[in-house]
Enquirer: 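Quick one: this structure, given as structure tokens, is what I'll be asking you about.
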Amino acid sequence: MVGTLTDLARSKSELMAENALLRQQLIILRRHVKRPSFATTDRLLLVLLARAVRTWKHALLIVQPETLLRWHRQGFKLYWKFKSRAASAKPKISAEAVALIKEMASNNRLWGAERIRGELLKLGIRVCKRTIQKYMRPVRTARPRGQKWSTFLHTHAEQIWACDCLSVTDLLFRSLFAFFIIEMKSRRVIHIGVTRCPTDAWTAQQLREATCDGYLVHPFLK
């Protein structure tokens, strides 16, 4: 900081010559040091000095502009993490309220956080929904899972179709929209249609054409 204040009294030509001298030394140093290490203070000073230079991207030699931006984002996160820290690590609700939340969650499996919050309000205990969910989570054991999606697909792949619509461009750079249907098991293309202006009626017509071989058609397409 003392050196920066001293530079204010120096002439512009002298500062430009010194900058050119320092830049040339950095160029020489960069030929030998591929990856220099930066302390926290170095990163902070580089970020602060870059704010004062309009052409800071061109002035960087030993660090990339993307790296400097990443340091700035990291500092921003640390600042807001410091600003958002809790005033005290002590829980804001009593141990009796926590025990009551866990008891309600354990004895009433169908009660959600909102229902437990309502029951606590009847007792004069005000607790937010997020806090209730926090203490409910360790009590509620994981429910037994049913059939997995992968198992369902493997069992019914022959009866399932998948459809999607994608955008393509022709030789004259005009947009085209392709609607296609495939069979899940064989990945065979059942139907494909192309248009410049897809509408609900056009999509319904594509489904009619794809199901003309005797497949079941939903009533709204008839």
Enquirer: I'd like to check Leu100 versus Leu123 (side-chain heavy atoms, cut-off strictly below 4.5 Å). Are they in contact?
Expert: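 The answer is yes, as the side chains (C-beta and beyond) meet within the 4.5 Å cut-off.
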
Enquirer: Nearest 0.5 angstrom please: Glu209 CD to Ile181 CD1, how far?
Expert: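 Taking CD in Glu209 and CD1 in Ile181, the distance rounds to 9.5 Å.
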
Enquirer: Could you report the tightest heavy-atom contact between Ala105 and Met136, atom names first, then the distance?
Expert: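 Heavy atoms only, the tightest pair is CB-CG, 3.8 Å.
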
Enquirer: As an exercise, state the distance from CD1 of Ile182 to CD1 of Ile160, rounded to the nearest 0.5 Å.
Expert: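 Going from the CD1 atom of Ile182 to the CD1 atom of Ile160 covers 11.5 Å.
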
Enquirer: Got more than 12 heavy atoms from elsewhere within 6.0 Å of CG, Asp200?
Expert: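 Open.
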
Enquirer: Would you say the side chain of Val127 lies within less than 4.5 Å of the side chain of Tyr135, judging by non-hydrogen atoms?
Expert: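 No, side chains not in contact.
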
Enquirer: Under the 3.5 angstrom rule, does the side chain of Thr155 hit a backbone N or O of Thr151 as a donor-acceptor pair?
Expert: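 Checking the backbone N and O of Thr151 against the side chain of Thr155, a donor-acceptor pair under 3.5 Å is found.
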
Enquirer: Between Ser106 and Val139, which heavy-atom pair has the shortest distance, and what is it?
Expert: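 Shortest heavy-atom contact: CB-CG1, 3.5 Å.
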
Enquirer: Distance check, rounded to the nearest 0.5 Å: Leu48 atom CG versus His72 atom NE2?
Expert: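 These two atoms lie 8.5 Å from each other.
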
Enquirer: What is the distance from atom CD1 of Ile125 to atom OG of Ser94, rounded to the nearest 0.5 Å?
Expert: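 These two atoms lie 6.5 Å from each other.
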
Enquirer: Are Leu44 and Tyr79 connected in the hydrophobic side-chain network, where two residues link if heavy atoms are under 4.5 Å apart?
Expert: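 Shared cluster, no.
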
Enquirer: Considering only heavy atoms from C-beta outward, does the side chain of Leu176 approach that of Arg174 to under 4.5 Å?
Expert: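 No, every pair of side-chain atoms sits at 4.5 Å or beyond.
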
Enquirer: Just say parallel, tilted or perpendicular for the rings of Phe152 and His156, cut-offs at 30° and 60°.
Expert: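 Phe152 vs His156 ring planes: tilted.
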
Enquirer: Is Leu69 linked to Val47 within one hydrophobic cluster, defined over Ile, Leu, Val, Met, Phe, Trp and Tyr using a side-chain heavy-atom separation of less than 4.5 Å?
Expert: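 Linked within one cluster.
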
Enquirer: Might you point out which heavy atoms bring Lys134 and Pro138 nearest each other, and give the distance in Å?
Expert: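 Closest approach of Lys134 to Pro138: O-CD, 3.3 Å.
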
Enquirer: How long is the span from the CD atom in Glu114 to the CD1 atom in Ile132, to the nearest 0.5 Å?
Expert: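 Interatomic distance, Glu114 CD to Ile132 CD1, rounded to 0.5 Å: 7.5 Å.
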
Enquirer: Group every Ile, Leu, Val, Met, Phe, Trp and Tyr by side-chain heavy-atom contacts under 4.5 Å, then state whether Leu207 and Val194 land in the same group.
Expert: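 Each belongs to a different hydrophobic cluster.
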
Enquirer: Do Phe179 and Thr195 have side-chain heavy atoms sitting under 4.5 Å apart?
Expert: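 Side-chain contact under 4.5 Å: no.
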
Enquirer: For Gln133 and Arg130, which I'm curious about, is there any donor-acceptor pair between the side chains at under 3.5 Å?
Expert: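 There is no such pair between these side chains.
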
Enquirer: Are more than 12 heavy atoms from other residues, nucleotides or ligands located less than 6.0 Å from atom CG of Leu171?
Expert: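 Counting other residues, nucleotides and ligands, CG of Leu171 stays at 12 neighbours or fewer.
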
Enquirer: Considering non-hydrogen atoms only, spot the tightest contact between Ala157 and Glu183 and give its length.
Expert: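 Taking every non-hydrogen atom into account, O-CG, 4.4 Å.
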
Enquirer: Which heavy atom in Ile101 sits nearest to a heavy atom in Ile116, and how many Å separate them?
Expert: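 Heavy atoms of Ile101 and Ile116 come nearest at O-CD1, 4.4 Å.
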
Enquirer: Thinking salt bridges, do Arg115 and Glu119 make one under a 4.0 Å N-O criterion?
Expert: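 Salt bridge present between Arg115 and Glu119.
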
Enquirer: Between Pro198 and Phe177, what is the shortest heavy-atom contact and its length?
Expert: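 Here Pro198 and Phe177 meet closest at CD-CD1, 3.5 Å.
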
Enquirer: Nearest 0.5 Å please: distance from the CZ atom of Arg126 over to the OG1 atom of Thr131.
Expert: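 That separation rounds to 12.5 Å.
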
